[in-house]
Every structure is written in structure tokens, then in C-alpha cells.
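Note sheet for the following structure.
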Amino acid sequence: MDRFLKTQDDNIDTPAALTLEGQHGPVIYDLTPAALAEGLRRNQRVVDAKTLVPQLLTYNADPGGDSVALRRLAAWCRRWSPWVSVDGADGLLIDASGCAHLFGGEAAMLGQIEARLKRLKLKVRTSLAPTRGAAWALARYGPARSIVSNEELAPALSVLPVAALRITPAAELVLRRVGLKTVGQLMDVPRAALTKRFGKGNLKTMSKSEGVHPLLRLDQALGVREDPLSPAPHRPRLRVVQPLLEPIAHVEAVEMVLEGLCARLCRLLEEAGQGTRAVKLEGYRVDGGRAALHVAVSRATRTAFHIRRLFKDKLETLDAGFGFDTIALEAVRTQPLYAVASDLSGVAALDGDGAQLLDRLSARLGAASVLRPILRESHIPERAVSWVRALDYQPPRRMPAPKRALRPHRLFDPPEEIQVTYGVPEDPPKAFVWRRRPHRVAKVEGPERLAPEWWRAGRASRLRDYYRIEDDTGRRYWLFRYGVYGDGRSEEAPRWYMHGMFG
């Protein structure tokens, strides 16, 4: 919700909710403080929530974007510790061992974290505890801010609900049914009784799927058993920097430095087994300013000549001011890239689909001006192909099944309506008029029936009967009848359309 509110121009003071599609209709994903004050809760059906609060505003949630933003925030939080991990959908875990003294102590470090996150307009609850389980429990079920020592650990946990032990809802329900509502009450119960109720497996050798045992979670929160933190993998920046003895401002000089930077960057990419889809060139001016250029490619590459060529036409737009004293080149977006097999002469195979040509055209004409076709999963001819920006193209993991039926190479979009003469409505045409010219049918093949995609066009859409037609002059056409008499989908008579030409 914090991320959503940052995108709004005006503050939303009325009750509002982010929603997701559930099994029985939309459900609430998150709420504003005003909606929480009205008694609404997460995972509640929207229809029930609007019954209680008719003025509730609803917006579509974006869990994928939230996950990406949380991972970025985890990387940003490495300024306090190198061991940072994403915790669920709304939390971060930071191992502050040996780091707090760098920021003036634990309290000062926690205060700095809160201040920086609030500056990003994020509501935050923080806790610093000796164990991962205790920090998780106190941040979610304790006060908004807490610092707990080893001596204070057990008393601080004892007043929290049993849900604070990171157990499953089913285990929490069982504990509540027997009257165990707090962690302190769970501590007072003999361990043998809990082991008998939740399983007799050895807690030391429990698998990850069995790690919801209340006793195991309790031992981890109290520090009796280990609960190590696995930080998110850190991907090093693939970046090369060239300090200069004297400032340079001419395009030719920048191009010479760029040539060396491209070669060094591509060596780094090769060592990492990566290719780049986007590259950034940064020039640091002597007056403290900075200028940058970006280029993107349609397919991952680590060819220095190709990258340098993409920048060449843009270097004149780089504002050097009084000159650059440092120039850097960075691979902004990378992905695995494997070696290309060479032919018998030892020369690497050429790029068959002209990816480098598309990159050059996109850099010169603009990314929105260069498109390429992609196949779609659809048996309707005009929907089987669509167009995307060449730089946004992603090779499909699985190609659509090839169409075995004969198709013309030239299609009309949209299909053009024609007037047809036939003997019986269900028979192929005897003659047709297209673009004010009559055509007499000499040969016909078909029909090939294509059912409508009702999930897209609705129940009013009608089937198509396609015919391959040859007229008396030898020209071949691909036309179809839209609908049949008595199909129950429309009271209108079937219509005929010209969809393509052969040859």
C-alpha cells in the first residue's frame, strides 16, 4: 500500500483497498489506514467489505511489482550490513552482527534505518533481537520499535501470541483450541505433551517442510537451536572505469576512451558467462556534473565492436561541459550468454535474424520506430502474429505449434468484404466481386472450419469456413464465410470476406 500511495498525486483519506482476484471473486490484498479503522481486514472478500463500507475505493494490486521493489530495497539496505534477506512479502531481515558499532551503537543504527525508510515514505516497524525468530516476532507482534538483549528475550516473547512463532495457521488453531494463546503459556507446557501432539520426529533432523513444529520455532526464537540467515545473492556490478590524466571534451577523444572501455567490459562479461541487454556510458565532468548515455540491444551480446558502434551516433549529444576527467561503462541489464559454435572454417556463425541491424536501426531511429513480428497462440490468422519493439523482444521458450494447413503469405488486415454468388448457401461460391471487379471461380478447395475464440470475442462471435479459390485467370485467393445459417449466434445472414492471396 505504501508503494501504491507514492504513485498517487493526492493523499487518499477515504477508505481504499488493493484487490486481487480470488477463488470466489476479488479479495482484499492491502488496506489504507482509513480502511483498517473501519474494521476491514486482508483476504476479506470485496463484496463483503463494500457491504460494511459502501464508500470503499478499490484498485488493482501489483504483487509482482511489490516483490521487485522489495528486492531493490534489500539491495539498498546493504549500506548497513552485507547480510540482508527478503522476508516474505513485506519484510527484510538484516544480520547486524559486528556492524552496529559503525553507526554509533544498536539504538543509533536502528534509528538511522527508520529515518531513512520513512524518508522513502515507507511505514516501518523495527526490532533488533539476538535471534532471527525473536526479531521477526517482535517486529510483527510487538511494539513499533524494540531492542531486546539476551536477558530480556524470554520475557519479551512470552507476552506475544503463538502466531509470532512463525507456525502454520493450522498449528496455531490447534494451540488456541487447547487454550495456549501466548508464547509464555506454550513455554509452561511440558515438552513431552507437545511432542506427542505435533509429532515424535527428532527436532534436530526435521526437514524444511516439518520446520513449523511449535517446539522447533520456540527453540529457534530463544536461541537454543540455530536459525541461520541466508542473504539474497549479490550480483556484482559489471562496470569499468577509466580515470583521465587530462580532461577531454572532443567526441573523437571520448570515442577512443570508449573503445578501450568496451573491450574491458566485454572481457568481464565473458568471464562471468553473461551478455548485456543494456549498457550505460557515464562521463564525470570537472565541474562535478555528470552526463550519461544509454543503449539497448534486442539480444544479449558481449561484442565490443557492436556496443561501441551503437554509442557512436549518440556521442555528439553527450554534454561534456569543460571536459570529462573520468568515464565509466556499465552493463546495466545482463543475462546468461553461451558461446556460439563456429563453422568448419573457424568463423563464428552470423546472426541469422539481423539482431545487430535491428539494434543499429533502433539506436538511430528510436526504439518505438523499429518493430518485429512475434507468433501468438491463436488459430485465428490475424491474431496469430503481433508486433513488438525490437528491443523488447524475448525469444519464446516454446514455439507455437506449426499450422499444417496451407496459408497465403499475403494477408489483408482487416479482411475485405466481398459479394458472392452461390447455388446453395452451404456450398462454395460460384463467382464473387472484389474491389468492384467480378471473378469467376474455376477451382475450389475447402472448407477449412475455424471455431471462434469465445473467451476473447464473446458468445456473439461466429465460426469461419475458409476456401482456397482459383479464378478463371489463374489467380488464387483465400476467402471465408463468416457464420452459417441457423448457428444460433446471430440472425444476420453469413458474410463473405477476402483474407489473403497466394503467389
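- At distances below 3.5 Å, at least one donor-acceptor pair connects side-chain atoms of Arg217 with backbone N or O atoms of Arg166.
- Residues Arg71 and Val86 meet the side-chain proximity criterion, which asks for heavy atoms closer than 4.5 Å.
- Although no hydrogens or angles enter the test, the distance criterion places a donor-acceptor pair under 3.5 Å between the side chain of Thr7 and the main chain of Phe4.
- Taking the ring centre of Phe480 as origin, the terminal cationic atom of Arg464 falls inside the region bounded by 6.0 Å and 45° from the ring axis.
- Between Asp62 and Arg3 there is a salt bridge, with a side-chain nitrogen of the basic residue lying less than 4.0 Å from a carboxylate oxygen of the acidic one.
- Using a 4.0 Å cut-off between a side-chain N of Lys or Arg and a carboxylate O of Asp or Glu, Glu416 and Arg435 qualify as a salt bridge.
- Side chain of Thr51 to backbone of Val47: a donor-acceptor contact under 3.5 angstrom is found.
- Taking the six-membered ring where the residue is Trp, Trp496 and Tyr422 present tilted rings, their angle falling between 30° and 60°.
- Thr276 contributes a side-chain N or O that, together with a main-chain N or O of Ala278, makes up a donor-acceptor pair within less than 3.5 Å.
- A salt bridge links Arg176 to Glu172: at least one charged side-chain nitrogen sits closer than 4.0 Å to a carboxylate oxygen.
- With sequence neighbours left out, the side chain to side chain donor-acceptor pair (under 3.5 Å) criterion links Trp136 to Asp87.
- By the side chain to side chain contact (heavy atoms under 4.5 Å, CB included) test, Leu36 pairs with Leu31, sequence neighbours left out.
- Between the Ser67 side chain and the Pro63 main chain, no donor and acceptor come within less than 3.5 Å of each other.
- A search for side chain to side chain contact (heavy atoms under 4.5 Å, CB included) contacts involving Thr317 returns Leu293, Lys314, not counting sequence neighbours.
- In this structure, Lys6 contributes its side chain and Met1 its backbone to no donor-acceptor pair below 3.5 Å.
- Ring pair Trp434/Tyr497: centre-to-centre distance not below 6.0 Å.
- Residues Thr334 and Leu238 form a side-chain contact, since some pair of their non-hydrogen atoms from C-beta on lies under 4.5 Å apart.
- A distance-only check finds no donor-acceptor pair linking the side chain of Thr19 to the backbone of Asn60 [under 3.5 Å].
- A side-chain N or O of Glu453 and one of Ser378 form a donor-acceptor pair less than 3.5 Å apart.
- A heavy-atom distance below 4.5 Å is not found between the side chains of Lys121 and Leu5.
- The existence of a salt bridge linking Lys123 and Glu114 is excluded, since no basic side-chain nitrogen approaches an acidic carboxylate oxygen closer than 4.0 Å.
- Judged as a salt bridge (Lys or Arg N to Asp or Glu O under 4.0 Å), the pairs with a partner in residues 304-313 (not counting sequence neighbours) are, in order, Asp313-Arg364.
- Heavy-atom minimum distance, Asp319 versus Ala291: O-CB, 3.5 Å.
- No donor-acceptor pair closer than 3.5 Å links the side chain of Arg440 to the backbone N or O of Asp471.
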Legend entry - Arg475 and Glu470: CA distance, side-chain angles, deciding distance, salt bridge (Lys or Arg N to Asp or Glu O under 4.0 Å) verdict: CA-CA 6 Å; Arg475 295 182 179 271; Glu470 182 177 326; over 6 Å; no

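- One finds a salt bridge joining Asp90 and Arg140 here, because a Lys/Arg side-chain nitrogen approaches an Asp/Glu carboxylate oxygen to under 4.0 Å.
- Taking the ring centroids of His439 and Tyr477, they lie under the 6.0 Å cut-off.
- Salt bridge present: Glu448 and Arg407 bring a charged side-chain N and a carboxylate O closer than 4.0 Å.
- Within the structure, salt bridge (Lys or Arg N to Asp or Glu O under 4.0 Å) contacts touching residues 35-60 (residues at least two apart or in different chains) are Asp30-Arg42.
- Not less than 6.0 angstrom separates the ring centroid of Tyr284 from the ring centroid of Phe324.
- Checked against side chain to side chain contact (heavy atoms under 4.5 Å, CB included), Arg449 has the following partners two or more places apart in sequence or in another chain: Leu463, Asp465, Val484.
- In terms of modelled atom types and a separation under 3.5 Å, the side chain of Thr168 and the main chain of Ala171 share a donor-acceptor contact.
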